[in-house]
Amino acid sequence: MTKTEEPHDLPAQYDPGQTERAVYERWVDAGVFAADEKRSNRNGGDREPFVVIMPPPNVTAVLHMGHGLNNTVQDVIVRWRRMAGDETLWVPGTDHAGIATQNIVEKQLAAEGKTKSDLGRDAFIERTVAFVEETGGEILRQLRAIGASADWNRTAYTFSPELSGAVREAFVQLHERGLIYRGHRVIHWCPRCLTSLSDEEAEHNEETGNLYTILYEVADRADGVSHLAVATTRPETMLGDVALAVHPDDERYNQLVGREVLIPITNIRIPIIADEYVDPAFGTGIVKITPAHDPNDFEVGRRHKLPMPVIMAPNGTMTNGADADERVPPDLLGIDRFEARERIVRSLEKTKQLHSVKPHQHAVRHCYRCDTVVEPRLSDQWFVKMQPLAKPALEAVRDGTTRILPERWEAVYVHWLENIRDWNISRQLWWGHRIPVWYCDKCDKQIVSRTDVAACESCGGSVRRDEDVLDTWFSSWLFPISTLGWPDKSAAPLVAFYPTDDLITAPEILFFWVSRMIMAGYAFMGAAPFHTVYLHGTVRDMNHVKMSKSLGNGIDPLDVVNSYGADALRYTVIAGMGMGADLMLDHRDLERSFAPGRNFATKLWNIGRFLLTNVGTSPVRSVDELGDDELTLADQWILGRLNATIIEADAALGPPRPAKGKWRREERYSGLRLSEFAEAARRFVWNDLADWYLETTKGRIGASGSDGEVARAILTHVFDYALRLLHPIMPFITETLWQRLPFPVAADRCEFLATAPWPIGEPASTTEKDAIARFDIVREAVSAVRQIRSDYAIAPGKSIDVVVQSRANAPLFSDHARLIGQLSRSSVHVGAPKSDAAAAHSLVSDGSEIIVALGGIVDVGKECGKLRGELEQLEMQLDTLSKRLRNEGFISRAPANVVESERRKEEEWIKRRGQLAAKVKTLCGG
RNA sequence: GGGCGAGUAGCUCAGUUGGUUAGAGCGCCUGCCUUACACGCAGGAUGUCGGGGGUUCGAGUCCCUCCUCGCCCACCA
């Protein structure tokens, strides 16, 4: 048949580039992804809502495989629920990403030889806004290319006027509730970004540094003690020392408490104090106290009311800051902290006050945005009091209101919340939500306000606004509520769609984002924002190194889409990723990496071509009107397998939501096994439908008469449902094929597969189970013949005679001899074989024997060897089995059904042994 | 320092509450352009389930121990 004669317009090769974009546009134009508040049953509608909030990528981000994986997972779940009939909403958005974005713009300025101070605050913000307008949101456009079915009408941005309003409201509310306060303490400071960081933003890094032991000279020498040795990893902070501390019970030193020592180099006198914080077992048991540059020392300093001199500038150079007087010697002023460390060490060497230098393993904190070593720094910052917020968030996970998958992350979450510390939310940046606090110049009043303040409310004096902005995460933690209309609690989207359902993200932001969202959900809405947190793995290369653009081991998802299609990308990612496991891909060999998806897409395409070529385009009969007596065994089998596959798929996907608000024990950690779902669907399509059922229809389907019509109807129905099951994973190709199916005229069909009803599985009936079992016997017979053909290298074209000597199922083989012959390219007879001719034998599990006449084809000797080997192996296995069945313990302790099945097996094997032995005797002569 | 996870075929990984002869994809070998598909079809090979010990009638699965990786958390200077 030439191409023009084919009754369809499918090209021989699937070309994703040509079809995907057009299909996507049709979905968008038809509003397939748009959710409607009015249809939610929380808002008078008749549908259960299903809502997913997209983790907003940074507005400046460019799509990488991490986004590809994250959004594919979300889209699979969202498309599944949409087909299942939920009012499904997937809210997309971007994050203004304070530090990250500001850093990029600053870098651009630097390239122009400018700094942000050259522009000034307003001009800098203007420039950043322009930059975001120009390039921002590119990633959301890219997400469309991988098929993301988000409701683009609701695209959110953490810096939009609406969301900014929510941020300000949240700040003011928490302040009113006494949960936001201004604190003077040592925080993490990035000397490069010139801002404070939260504890989470200062990442630990295990490093080998030095532990320097420095000798402090005791002032007013008495009792022979002239020097005290003090260990430190940061000698440069010595300049800010205000005391040495020892443990009050440390008998080596406690008589020195109250005496004074001299700081080396500067010879400033500082006291020796006693504090329980000191661990006598570490180092020398004496600690230098630098309150302004170490959080612990700060606490000690507070307890002992010590001064807190600042000896470092914000950019990490040495300076005489607050309360420092002339502590930093002139020759160190303006010197970088690490250079200063070197110089001080050299000076100490000269004065013989450096006792020792030892390599030392310790954790050093780095800025999560620029990797600069963070400096502890005394400053005024805004904090959120976290313990009250953490309480309900902790309870939510403990009582099953919110579950975290995989289960192991729940312990991590609980541990973090139990030990939570206050959240530093102020940043010394320009790009971000400015803190809504004003200070009166005259009376020093502090005004926290929902609206901008022009003058002091008590004295009428002029006011100035706090210079700082809020941590980016202070806007993202509101995302599930702010995107739906909060603070307007009666906003239709909030009523219809809050709480949401699943949150799908990477474990890296469990603390940054997920747990804070849960806290915000309780703080502002009194309810958890979602009932399921699904934490997926990381995309890595073949050396298990996390993919990243800077390392050059990344994969651009758009390259994959261009080469193999979005469906190939999606299938590969979903099928290859176990629950919570990392995904390894080879960035140097995209073809190999994405072969599973590409191959499967091609397979689907070709099944579609076969179907449309052979079934044609005229409507088929509806399966509902087919009588049982019209169905062949193969028809019954494939329908049974379809039903079983639907059940498997549903089991893998699990319950979409907790039945009564809280997860029941048995359901809590079930579901969302997306790779199992993918595998069940693939197995059905490829191994059942394509490999077997489709082959059985060849010859039937072209024939005129009712059986051909039945085959057309079943094939179409089964493929229709297979496409439905696969649509969440491979939306484009399934929609494209589905649009062309010759549906029954009466079928109540919808316009798009994307909104077609999700298949409903039914418990398998006995006739169904029986059909599956019987067709499996037929398949076994076919495989047996194929194996013999292969074993004896019988040319594919060569016709052979096969005899089935049926022990149990005579009618089965009589009825299907022709089919077995067709599938195994042989001529099959049922009955007795011609006597004593050389033949190959194979046993079917129902006890029947497949006999292939080998006269003139192969040598008998080889066959005998094979038979003997088979017999020997069977005897060994039978021996083990029989021993077990004679074991008292097994009989008494094993479940009855296990014992029973083992008994049956033994009988079967004994029968086989008899048959095999007889064969060996007749063929090989004893 | 504390906690968690992993170690199963050459590679990436599944293996549900212990229960037939441990699976899949990719790769590999053999034979096939069988009129949907060579991105395919048919057949095949490959595993002391990290080591050792234990519980059990029965262990990849449970317990102990050791080894090797990885991740998270952490104020020992």
For [N], what is the paired nucleotide under Watson-Crick or G-U wobble rules, both distances under 3.5 Å?
{"N": "rA24(B)", "result": "rU12(B)"}
{"N": "rA59(B)", "result": "none"}
{"N": "rC4(B)", "result": "rG70(B)"}
{"N": "rC75(B)", "result": "none"}
{"N": "rU46(B)", "result": "none"}
{"N": "rC41(B)", "result": "rG31(B)"}

Using a 4.0 Å heavy-atom cut-off, does [X] contact any base of the nucleic acid, only the sugar-phosphate backbone, or nothing at all?
{"X": "Leu694(A)", "answer": "base"}
{"X": "His544(A)", "answer": "sugar-phosphate"}
{"X": "Lys698(A)", "answer": "base"}

Query raised in the report: Residues in side chain to side chain donor-acceptor pair (under 3.5 Å) with Tyr212(A), at least two apart?
Result: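 Partners of Tyr212(A) under the side chain to side chain donor-acceptor pair (under 3.5 Å) test: Asn210(A).
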
Flag the pair [X] and [Y] as a salt bridge only when some basic side-chain nitrogen lies within less than 4.0 angstrom of an acidic carboxylate oxygen.
{"X": "Arg421(A)", "Y": "Asp199(A)", "result": "yes"}
{"X": "Asp275(A)", "Y": "Arg303(A)", "result": "yes"}
{"X": "Arg700(A)", "Y": "Glu695(A)", "result": "no"}

Query raised in the report: Has the side chain of Arg740(A) got a donor or acceptor atom that lies under 3.5 Å from a matching backbone atom of Thr736(A)?
Result: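 Yes, Arg740(A) side chain to Thr736(A) backbone: donor-acceptor pair under 3.5 Å.
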
**Report entry** Short side-chain to backbone donor-acceptor contact, Asp582(A) and Thr538(A), under 3.5 Å
**Finding:**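 Between the backbone of Thr538(A) and the side chain of Asp582(A) there is a qualifying donor-acceptor contact (under 3.5 Å).
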
Check nucleotides 22-31 of chain B for protein N or O atoms closer than 3.5 Å to its own N or O atoms and list the pairs.
residue : atom : partner   : partner atom : Å
rC26(B) : O2'  : Arg592(A) : NE           : 3.2

Report task. Could you pick out which residue, Val287(A) or Glu206(A), lies toward the 5' side of RNA chain B when each is mapped onto its nearest nucleotide? Result ->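 It is Glu206(A) whose nearest nucleotide is closer to the 5' end.
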
Report task. Select from Ala363(A) and Arg786(A) the residue whose nearest nucleotide in RNA chain B is closer to the 5' end of that strand. Result ->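 The residue whose closest nucleotide sits nearer the 5' end is Arg786(A).
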
**Report entry** Arg786(A) to Trp692(A) six-membered ring, cation-pi geometry met (6.0 Å, 45°)
**Finding:**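 So Arg786(A) does make the cation-pi contact.
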
Requested in this report: With C1' as the reference atom in both, quote the distance from rG51(B) to rC67(B) in angstrom, rounded to an integer.
Outcome: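 These two C1' atoms come out 7 Å apart once rounded.
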
**Report entry** Whole-angstrom distance between rC28(B) and rA45(B), as gauged at atom C1'
**Finding:**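 It comes out at 9 Å once rounded to the nearest Å.
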
Short side-chain N/O contact to [N] OP1/OP2 from [X], under 4.0 Å:
{"X": "Lys546(A)", "N": "rC71(B)", "value": "no"}
{"X": "Gln787(A)", "N": "rA42(B)", "value": "no"}
{"X": "His362(A)", "N": "rG1(B)", "value": "no"}
{"X": "His415(A)", "N": "rG3(B)", "value": "no"}
{"X": "Arg408(A)", "N": "rA6(B)", "value": "no"}

